[in-house]
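Below, read A as the first sequence line, B as the second, and so on, with proteins coming before strands; counting in each chain starts at 1. Given the structure is predicted, the values throughout are model-derived calculations rather than measurements.
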Amino acid sequence: MSLKVYNSYSRQKEDFKSITPGHVGMYVCGPTVSGESHLGHARPYITFDVLFRYLTYKGYKVRYVRNITDAGHFEEEGREAEDKVGKKALLEKLEPMELVQKYTNLFHWAFNQFNCLEPSIEPTATGHIVEQIDMIKKIIAEGYAYEINGSVYFDVKKYAAGHDYGKLSGRIIDDLLSTTRELDGQEEKRDTADFALWKSAAPEHIMRWSSPWGDGFPGWHIECSAMATKYLGAEFDIHGGGMDLQFPHHESEIAQSTICNHTAPVKYWMHNNMITINGKKMGKSYNNVIKLTELFSGDHPLLSQAFSPMTIRFFILQSHYRHPLDFSNEALVASEKAFKRLWEAYEVLRILPVNEAVIDGTNPLLESKVLNWLGEFEEFMDDDLSTPKVIANMFELAPIINSFKDGLVAADAIAASTLLLLKEKFRIFLEDIFGLRSEHSTNNEMLKGVMQLLIDMRREARNKKDFATSDKIRNQLNDIGILLKDEKDGGMSWTI
RNA sequence: GGUCCUUUGGCCGAGUGGCUAGGCAAAGCUCUGCAAAAGCUUCUACAGCGGUUCGAAUCCGCUAGGGACCUCCA
């Protein structure tokens, strides 16, 4: 089976074929570490983590590059260009790199909580100033950039004359060139559509580097082009990021890299949609963000409780990555319950005994349904990562799994081979590909021993019809967060 | 203002021409000392209007609402 992905550049689903057989180069725009990550940031990194995992499952050796933007990206409108990282640092009275370190650590911590695999390479913008300067030099040499007052701008009009500038973002170049908007600090550009490759730094700028054009800092888009080229080559397979980066960021990346490397840089552009809150995009500019730390702690006016990283991961996977996802406390509560139920079914499945003697199941209809649902796991993922459909199938299978445990379905209803396949597919898709995991460590031997003792005591009490004692054990365990469940066969199990 | 997208049952959310997605909530039942959990059952929607078609949530047009980008943004 072959993977199809939606390519933003062609606006259609395409068969995925890697440039180098067996290998995939993937670049994803990483965080700007001038502040704390919020729920909106979780989406791309979880989405592309799943893609990374899925490509690996498909047998590709993937080099996954995700940058850390620890410089650059500037405020421009209505005021002098300012280095965002440097500005915040002054406010917080921290060294710029101290601030960057703090938020980088926080980012790593949060996405470790989300069980996101680490990228193969996580380059920083400040660590690649030299590469960026080299790239700018080449673009100047090619005649597509010009220097004015220590700054360097990309000549969009010239580029657009021979290239399809605006194709990725569906922009019409003439509209861009005839912007009616008045922007300060734009007068030195030849054209308003031009973008900065290098910006001259005012004396008070803390973050600055020397360059052939004087002291300054790199422009908005050049870091991704430089680092992607360095680690993935002039042409690589996948470039991912949020939809809001299509213009101008990715459009400009294409232009820079195309001029510098004489080839279009990316084969498949993939963009995730936004997370909205009350229908509005969650973003810094809207002042409506919910930080990840607030989500994890529940410390936010819109939240009724804390939500675990796996709940959020599951919530994100329940919708398709290219569709908008509206946040609400209720939706997260629903996801929390759904995930818990699914995960517990999975834990039941793992310890379900397999009778190798069952060659043919006694319930062919059930068996064919199970096989069909399992087969669709990969089929759905191949269709542009349709994670919600895979999850829907898992929920079709969950009651069947629970019915096996409760004896509502005969143990020999399906062949041993099918049961083994069921176990394997659940493990691969739930754990390896979706990156979900148990929230709680229940493999603490000491806790297991204590629980067994309490279960034994409760059973003895129940046998003696001493329900006061048995209820006390159950209720008090419940109060501290352990749920005792009486099984159909008289046994007991527990979950946190 | 320009470009583009979107509108699904109480809520979330799949779905691109014909066959009940799924989850959460709610109700009933089974099981149970009670409860929880689990299982079973019920709840059949596609913004409005018009068109194409044997047949449309799905294609086209108009109307209304919402949103994104155009400026840092995942």
To the side chain of [X], which of [options] is closest?
X        : options             : value
A:Leu483 : B:G33, B:G15, B:A36 : B:A36
A:Trp220 : B:C72, B:A74, B:C70 : B:C72
A:Ala392 : B:G22, B:G13, B:G39 : B:G22
A:Asp406 : B:A74, B:A21, B:A38 : B:A38
A:Ala338 : B:C73, B:C24, B:C34 : B:C24
A:Arg474 : B:A74, B:C34, B:G33 : B:C34
A:Pro44  : B:A14, B:A74, B:G39 : B:A74

A:Phe195 and A:Tyr165 aromatic ring geometry - parallel, tilted or perpendicular at 30°/60° bounds: parallel
Do the ring planes of A:Tyr64 and A:Phe52 sit parallel (below 30°), tilted (30 to 60°) or perpendicular (above 60°)? tilted
With a 4.0 Å cut-off on heavy atoms, is [X] in touch with a base, just the backbone sugar-phosphate, or nothing at all?
X        : answer
A:Ser37  : nothing
A:Met243 : nothing
A:Arg458 : base
A:His271 : nothing
A:Met274 : base
A:Asp486 : base
A:Lys280 : sugar-phosphate
A:Glu336 : nothing
A:Asn393 : nothing
A:Glu330 : nothing
A:Gly170 : sugar-phosphate
A:Leu342 : nothing

Walk me through it: do A:Asp191 and A:Lys157 pass the test salt bridge (charged side-chain N to carboxylate O under 4.0 Å, His left out)? CA-CA 8 Å; A:Asp191 198 290; A:Lys157 195 186 263 179; 3.7 Å; yes
Between [N] and [M], how far is it from one [atom1] atom to the other, in whole Å?
N     : M     : atom1 : answer
B:U52 : B:C60 : P     : 15 Å
B:A14 : B:A45 : C1'   : 13 Å
B:U8  : B:G23 : C1'   : 15 Å
B:G48 : B:C11 : P     : 15 Å
B:G67 : B:U30 : C1'   : 47 Å
B:U16 : B:U6  : C1'   : 15 Å
B:U3  : B:U71 : C1'   : 16 Å
B:C24 : B:C73 : C1'   : 32 Å

Side-chain N or O of [X] closer than 4.0 Å to phosphate OP1/OP2 of [N]:
X        : N     : result
A:Tyr286 : B:U71 : no
A:Lys284 : B:C72 : no
A:Arg11  : B:C4  : no
A:Arg341 : B:G23 : yes
A:Lys405 : B:A37 : no
A:Asn272 : B:A74 : no
A:Lys485 : B:A35 : no

Ring pair (Phe, Tyr, Trp, His ring centres under 6.0 Å): which pairs involve residues 318-341 of chain A, sequence neighbours left out? A:Phe314-A:Phe339, A:His320-A:His323, A:Phe339-A:Trp343
For [X] and [N], give me the distance from atom [atom1] to atom [atom2], rounded to whole Å.
X        : N     : atom1 : atom2 : value
A:Leu317 : B:G13 : CG    : C1'   : 13 Å
A:Lys281 : B:C69 : NZ    : C1'   : 8 Å
A:Arg322 : B:C4  : CZ    : C1'   : 14 Å
A:Glu347 : B:A38 : CD    : C1'   : 15 Å
A:Met282 : B:A74 : CE    : C1'   : 11 Å
A:His323 : B:A68 : NE2   : C1'   : 15 Å
A:Leu292 : B:A74 : CG    : P     : 12 Å
A:Ile400 : B:G39 : CD1   : C1'   : 12 Å

Let me have RNA chain B in dot-bracket notation, would you? Count Watson-Crick plus G-U wobble pairs, both distances under 3.5 Å, and use [ ] for pairs crossing earlier ones and | for inter-strand partners. (((((((..(((.....[...))).(((((.......)))))....(((((..]....))))))))))))....
Does A:Glu344 form a salt bridge (charged side-chain N to carboxylate O under 4.0 Å, His left out) with A:Lys340? I'd like the steps, not just the answer. CA-CA 6 Å; A:Glu344 285 180 8; A:Lys340 188 169 160 52; 2.9 Å; yes
Indicate whether A:Phe467 forms a stack on B:G33; treat it as stacked only if centroid distance is below 5.5 angstrom and interplanar angle below 30 degrees. yes
Exam field: side chain [X] to backbone [Y], donor-acceptor pair closer than 3.5 Å:
X        : Y        : answer
A:Asn475 : A:Asp471 : yes
A:Lys405 : A:Leu352 : no
A:His41  : A:His38  : yes
A:Arg459 : A:Leu454 : no

Please determine which of A:Glu253, A:Met26, A:His271 meets the side chain to side chain contact (heavy atoms under 4.5 Å, CB included) test together with A:His239. A:Glu253
Picking from A:Ser8, A:Ser169, A:Cys29, what satisfies side chain to side chain contact (heavy atoms under 4.5 Å, CB included) with A:His250? A:Cys29
Scan A:Tyr45, A:Trp109, A:Phe296 and name whichever one has a ring pair (Phe, Tyr, Trp, His ring centres under 6.0 Å) with A:Phe114. A:Phe296
Could one point to a donor on the side chain of A:Ser470 or the base of B:G33 with an acceptor on the other under 3.5 Å away? yes
